[in-house]
S.K.: 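Handing you a structure now.
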2 protein chains.
Amino acid sequence: MEGKGLSKGFEHIMRPTIYDVAERAGVSIATVSKVLNNTGNISDRTKKKVIKVMQELGYHPNSLAAALTGKKTFTIGVLVPDIANPFFAEVSRALENYARETGYAIILCSTDYQLEREQYYLDLLMKKQVDGIIIATEPKDLNAFQTLQSRDIPFLMFSIDHLALSSHVVTTDDIRGGYLAGRYLLDKGHRRLAIIAELNRPSGRLRLEGFRRALSDHGIELDQRFIINSISKIEDAKIASQKILHLPERPTAVFATTDLIAVVFMNEARKTNVSVPEDISVIGFDNTIHAEIADPGLTTIAQPIDELARYAIYKLLESIENPQIPSHRIMLTPSLIERESVKDLNGHC
Amino acid sequence: MEGKGLSKGFEHIMRPTIYDVAERAGVSIATVSKVLNNTGNISDRTKKKVIKVMQELGYHPNSLAAALTGKKTFTIGVLVPDIANPFFAEVSRALENYARETGYAIILCSTDYQLEREQYYLDLLMKKQVDGIIIATEPKDLNAFQTLQSRDIPFLMFSIDHLALSSHVVTTDDIRGGYLAGRYLLDKGHRRLAIIAELNRPSGRLRLEGFRRALSDHGIELDQRFIINSISKIEDAKIASQKILHLPERPTAVFATTDLIAVVFMNEARKTNVSVPEDISVIGFDNTIHAEIADPGLTTIAQPIDELARYAIYKLLESIENPQIPSHRIMLTPSLIERESVKDLNGHC
DNA sequence: ACAAATAAGTAAAGCGCTTACCCTTTGTTC
DNA sequence: GAACAAAGGGTAAGCGCTTTACTTATTTGT
């Protein structure tokens with residue numbers, strides 16, 4: 001036993017180990033381990049004594065060593081494209097919260113939309129032996145994911161989907177979201193509708209699809225010229241907004257597939273002396289802080305972030321416990337948050 | 001050597017270890033370790049062979065095991081109060097970015113302003129043997145930090161400071177920031193100035209202090225009634241804004257100590273038919289996306305987030321390498337981002 | 001051509017913990 | 001009070017890697 005514990009005279013620099021606790025408590029390391037994990041049969045008296053010593057020594061078990069034997073690190077990796085994007089910031093927050101509740105920590109990886117970083121991080125997470133991975137970046141390189149599959153690392157696609165991958169998926173029903181937006185505008189009496197969509201992203205296209213269906217269910221075909229493409233960045237959104245504002249026959253309502261685009265549109269409208277919602281109505285998507293802070297408040301489709309996160313953690317942990325479970329895809333329904341950016345045209349007929 | 005590697009017939013479930021690589025490459029594990037870390041003397045031929053085998057096996061070294069011997073985990077913990085707050089989201093992004101560049105991963109912990117979570121996370125991070133910790137939450141419980149000190153875990157306070165703690169500190173010079181805001185408004189000819197400040201936070205009070213000094217340097221005393229307290233939340237900010245808007249003698253300019261407050265103020269002003277910047281000028285602090293997206297664009301004091309993050313990582317790694325280095329406090333100067341929310345009164349004299 | 005120097009590898013001892021598996025005490029039952 | 005079962009605790013073998021100390025193969029100088 002001698003020689004395993006604290007080197008004498010170096011107490012201040014060596015962190016105490018299980019040997020130190022054992023020695024000082026006059027028990028074996030097995031006993032200490034058992035009180036640590038509440039396993040085996042240990043008398044109350046011994047337990048108390050050991051715990052007391054741990055506190056005296058300021059002992060914190062080394063979870064690395066534990067993981068090396070126990071096989072679990074209680075860490076999960078989360079891959080997002082951009083943590084500074086309010087949507088992903090909210091997502092991270094929610095994921096982190098549920099992870100904590102179940103005793104897991106999160107390694108956050110922001111890929112900045114770069115494929116190479118995606119690879120780098122996936123590699124890193126594997127090296128760090130995370131117990132599972134949540135992926136919220138659009139998969140560019142299927143290879144990397146196939147590696148995950150083949151190495152039996154549980155993972156889950158969050159808020160995105162890929163047909164080539166048979167993994168767990170937790171996502172918002174974007175089609176339904178788009179439908180919801182369309183339906184709402186129609187209900188409010190709007191007939192000439194435009195959309196600014198992120199056509200380069202699957203979710204943007206799905207939202208468009210839902211929107212289109214809402215209209216066609218109502219006997220209206222979405223005019224091709226009223227579909228404007230834009231990525232969710234301020235400059236791009238400005239350009240797209242101006243296109244809409246200068247359309248020969250201006251629509252009475254616009255559906256923007258992200259709140260950011262919607263807010264930028266509202267600003268551009270104001271600059272062009274077009275008032276929201278008096279002259280033109282706007283509806284967004286995501287219900288980020290932008291929607292809440294905007295003036296007038298932005299009516300928007302809310303992704304059920306908290307629910308998504310809860311399911312994601314739940315499903316992931318489930319498949320960590322039992323990798324055999326066949327993969328599910330869970331699609332949660334978004335909901336409409338009504339604020340003041342859509343005018344009710346019905347009173348005016 | 002036999003018996004250490006892959007259990008036959010279980011190749012698909014056991015991840016390959018250094019033993020498997022060694023066996024298959026016909027070398028010892030020491031050799032494999034050396035090519036892995038590029039240490040020692042290994043011939044090119046052997047190196048190539050080993051690398052080839054690693055690829056064939058899809059071998060990823062277990063960094064836990066490495067950390068258990070090598071003493072470093074290449075992981076740092078980051079404690080923020082709320083990852084969904086745009087400022088901290090940006091901070092996390094920047095920190096993560098610099099950490100990645102230096103080969104470190106980040107465990108992100110969002111305390112949600114709760115003391116108990118702070119403790120929980122600090123404990124977790126110690127268990128996970130992080131190499132260092134960056135703390136961006138205001139220290140409520142000095143005890144916990146003292147533990148860090150006593151256990152010789154390098155840590156660094158980010159964008160906050162505490163006089164009782166002698167640790168590394170990287171922060172924005174809030175006083176100078178407030179001064180900058182005041183100076184700018186004065187330069188633009190404003191004399192009747194108000195401030196909405198987070199008086200419950202040190203940074204808010206320092207910004208107020210700087211603002212006050214700018215005025216007094218100019219022979220103006222900041223009127224006590226023109227100092228409004230508010231936390232940085234929409235509802236609170238609305239109330240504070242209304243107080244200002246209904247002041248008997250309305251100020252010509254307002255300094256809000258966060259962008260969120262500033263933007264809410266702009267919205268409230270608009271609702272009250274007070275136009276920004278025509279009737280009242282506004283200047284914010286932080287230069288978050290809110291400022292950029294606002295209409296009119298919000299003139300604001302930018303915290304040098306990227307620089308702060310760079311220094312923070314740099315300093316932390318430095319003290320990981322060499323814990324003897326005496327603690328420094330680095331204060332970076334904020335800068336003014338000019339947009340359209342402040343009117344120049346000078347032309348009108 | 002041969003010792004000295006250097007290059008290329010290996011064996012083995014941990015790192016701090018978990019976990020079979022084993023050995024003592026006690027208490028229990030008839 | 002003999003026989004047996006828990007309860008309480010200890011021993012020791014790893015987990016996958018790094019590293020020191022050491023052996024053996026290959027150059028190099030003269």
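Per chain, numbering begins at 1; letters A, B, ... match sequence-line order. Note: hydrogens, waters and symmetry copies are ignored here, and every other heavy atom, side chains too, is used.
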S.K.: Is there a side-chain contact between B:Leu36 and B:Met54 in this structure, where contact means two heavy atoms from C-beta onward sitting under 4.5 Å apart?
M.R.: yes
S.K.: Using rotation axes that map the C1' atoms of four end pairs onto the next four (five pairs an end), what angle separates the end axes of the helix from C:dA1-D:dT30 to C:dC30-D:dG1, to 10°?
M.R.: 30°
S.K.: Kindly indicate whether the side chain of A:Ile51, heavy atoms from C-beta on, has any atom under 4.5 Å from the side chain of A:Gln55.
M.R.: yes
S.K.: Among residues 41-56 of chain B, which ones have heavy-atom contacts with DNA chain C below 4.0 Å?
M.R.: B:Asn41, B:Ile42, B:Ser43, B:Thr46
S.K.: Evaluate the side-chain proximity of A:Cys109 to A:Leu125: yes if any heavy-atom separation is below 4.5 Å, no if none is.
M.R.: yes
S.K.: Is the phosphate of D:dC17, meaning OP1 or OP2, less than 4.0 Å from a side-chain N or O of B:Thr69?
M.R.: no
S.K.: Side chain of B:Tyr59: nearest nucleotide among D:dC15, D:dC17, D:dT18?
M.R.: D:dC17
S.K.: Ignoring hydrogens and angles, write down the donor-acceptor pairs under 3.5 Å from the side chains of residues 155-164 of chain B, residues two or more places apart or on other chains.
M.R.:
residue: B:Asp161; atom: OD1; partner: B:Arg329; partner atom: NH1; Å: 3.0
residue: B:Asp161; atom: OD2; partner: B:Arg329; partner atom: NH1; Å: 2.6
residue: B:His162; atom: ND1; partner: B:Ala164; partner atom: N; Å: 3.0

S.K.: May I have the distance from A:Glu23 (atom CD) to D:dG10 (atom C1'), rounded to whole angstrom?
M.R.: 16 Å
S.K.: Any chance the side chains of B:Lys128 and A:Thr75 put a donor and an acceptor closer than 3.5 Å?
M.R.: yes
S.K.: Which part of the nucleic acid, if any, lies within contact of A:Ala30, taking any heavy atom under 4.0 Å across all strands shown: a base, the sugar-phosphate backbone alone, or nothing?
M.R.: base
S.K.: Could you check whether A:Thr31 gets within reach of a base, just the sugar-phosphate, or nothing at all, counting any heavy atom under 4.0 Å?
M.R.: sugar-phosphate
S.K.: What is the distance, rounded to the nearest whole Å, between atom CG of B:Leu68 and atom P of D:dC17?
M.R.: 12 Å
S.K.: In whole angstrom, give the distance that lies between atom CD1 of A:Ile18 and atom C1' of D:dA12.
M.R.: 14 Å
S.K.: Is there a donor on the side chain of A:Lys72 or the base of C:dT18 sitting less than 3.5 Å from an acceptor on the other?
M.R.: no
